[in-house]
J.: 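Encoded as structure tokens, here's the structure I'll be asking about.
Every chain is numbered from 1, with letters handed out A, B, ... down the list of sequences.
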Amino acid sequence: MIDLRALRDSPDAVRASQRLRGEDEGVVDAVLAADERRRTALSDFERVRAQQKTHGKTVAKASGEEKQALVAAAKGMAEQVRSLQAQAAEAEAEVDRLLGSVPNLVAEGVPPGGEDDFVVLEEVGAPRDFAADGFEPRDHLELGELLGAIDMGRGAKVSGARFSFLTGPGARLELGLMQYAMARAVEWGFVPVVPPTLVTPQMMGGTGFLGAHAEEVYKLDADDLYLVGTSEVPLAGFHADEILDLSGGPLRYAGWSTCYRREAGSHGKDTRGIIRVHQFTKVEMFSYVSAQDAAAEHQRLLAWEREVLDAVEVPYRVIDVAAGDLGTSAARKYDCEAWVPTQGRYRELTSTSSCTTFQARRLAIRERTGEGSTTPVATLNGTLATTRWLVAILENHQQADGSVVVPAALRPYVGLDVLEPVRR
RNA sequence: GGAGGCGUCGCCUAGUGGUCUAUGGCGCCCGCCUGCUAAGCGGGUUUGGGGUGAUACCCCAUCGCGGGUUCAAAUCCCGCCGCCUCCGCCA
């Protein structure tokens, strides 16, 4: 939810943001009109309600015939209050509906355009030259099957397309990676969290996932609960309806969870292997900071992501995602994409978004100002590890015989130095 | 799944239809007093919104959430949620 007052003050800024995202500008005028109606209706209701309350006190003091007369007189007033209250509630709901449909304001400096209009900020490491190494690289699934690490066939048998079993060294690599990421997060001061992965509609909506991309989300109708696609959702909900004390600096949580995505719009894309699956695990950073610290915290989250990427020793690049490709809640987003040798391109491994005060407004997460009033905080999130990382690790660290060298930083956590083929 | 109890301001708590403008205590904040931080005294202390983009003032809403009854609801009725106790069922 964007700030209604900010929209009233500078509607042009909201129009500009909508334009950058390729979204409807007309909603701005619709919100302004609805807000006007709301305030008028609210004033009308409040005035009559105040009269009713005053009158009620005289009724209470009166008795006998006088009281009968006063009660009779109050009946019409009660009818009016009911009707005006309904009007005010309706106008308010309309403002909420319209305002709720506006995605977060795009931050200054975000590249214009759509999915392909990102700006590359930096490339780290160089793609490995397999020709020089004298062999043709195998893709992650071929390696995974060779190593006894990934079993898509049985995943499909048990659960359908886009489900996998990670087995033996695959399971160990996954758990080791997650443990490593979590250990680093703890070292940086994050509070480790294992959150629930089923959440209420309020939490799903509050984090912005029931807007344009609602069809991406699994829903359990019988229980009115949603399966989260990221622990960002429960971590944002953690402090919902609370007034936080951020005087000691940001509150930072690192969540480990399974994540579920329907991948409804991606039929035929990435159908091979575990690049795009319905279920994966992830370690996610989540920060609550004062609004004015959001941009600085965003840089810190990006820096931490890069530390973990550096540790797994894969080439990657950092991109500044264009306005049209931002999520509903994000004001700015940086992705880190790792080089996938057999695809000859970079694929997203991490994503960090600054949601400024957008999520906090919906979830009622505030802090005290110096004057004693409250103000919404900013929330930010960023990936520290996901199952997809296995793709980049396997492919970039493979050897001619199909074995895979475990990155040094992960070895204590994986418990293996080299993953050896179980068949050839 | 069944039965019962509970849910009031940061915490504890009073409140069984109108004088509730929600009581009292603790904590916290401001002031007074006392020649030390204590005690005592006085005042303040939920959140959201409107008048109004005003630190002052006024108003509305807010007693777990949502409906209803009533001229009038913390209070009565219905539904839901959460916590506790007991029973049943299952691992």
J.: So which nucleotide from B:A73, B:U47, B:C71 ends up closest to the side chain of A:Ala78?
T.: B:C71

J.: Rounded to whole Å, how long is the line connecting atom CZ of A:Arg366 with atom P of B:G10?
T.: 10 Å

J.: Determine which nucleotide pairs with B:A3, using a 3.5 Å limit on both distances of a Watson-Crick or G-U wobble pair.
T.: B:U85

J.: Which part of the nucleic acid does A:Gln52 contact within heavy-atom distance under 4.0 Å: base, sugar-phosphate only, or nothing?
T.: sugar-phosphate

J.: Using atom P in both nucleotides, what's the gap between B:A61 and B:A74 to the nearest angstrom?
T.: 10 Å

J.: Any idea which of B:G48, B:G51, B:C60 is nearest the A:Thr374 side chain?
T.: B:G48

J.: Could you give the distance separating B:U45 and B:C9 at their C1' atoms, to the nearest angstrom?
T.: 9 Å

J.: Using purine N1 to pyrimidine N3 plus N6-O4 or O6-N4 for Watson-Crick, or N1-O2 and O6-N3 for G-U wobble, both under 3.5 Å, which nucleotide pairs with B:G79?
T.: B:C65

J.: Using a strict 4.0 Å threshold on nitrogen-to-oxygen distance, state whether A:Glu94 and A:Arg38 make a salt bridge.
T.: no

J.: How long is the line joining CG of A:Leu84 and C1' of B:G50, in whole Å?
T.: 15 Å

J.: Could you check whether the side chain of A:Glu46 and the base of B:G49 have a donor-acceptor pair of N or O atoms closer than 3.5 Å, going by distance alone?
T.: yes

J.: Taking it one step at a time, do A:Thr356 and A:Asn104 satisfy side-chain hydrogen bond (donor to acceptor under 3.5 Å, both in side chains)?
T.: CA-CA 8 Å; A:Thr356 58; A:Asn104 200 0; 2.9 Å; yes

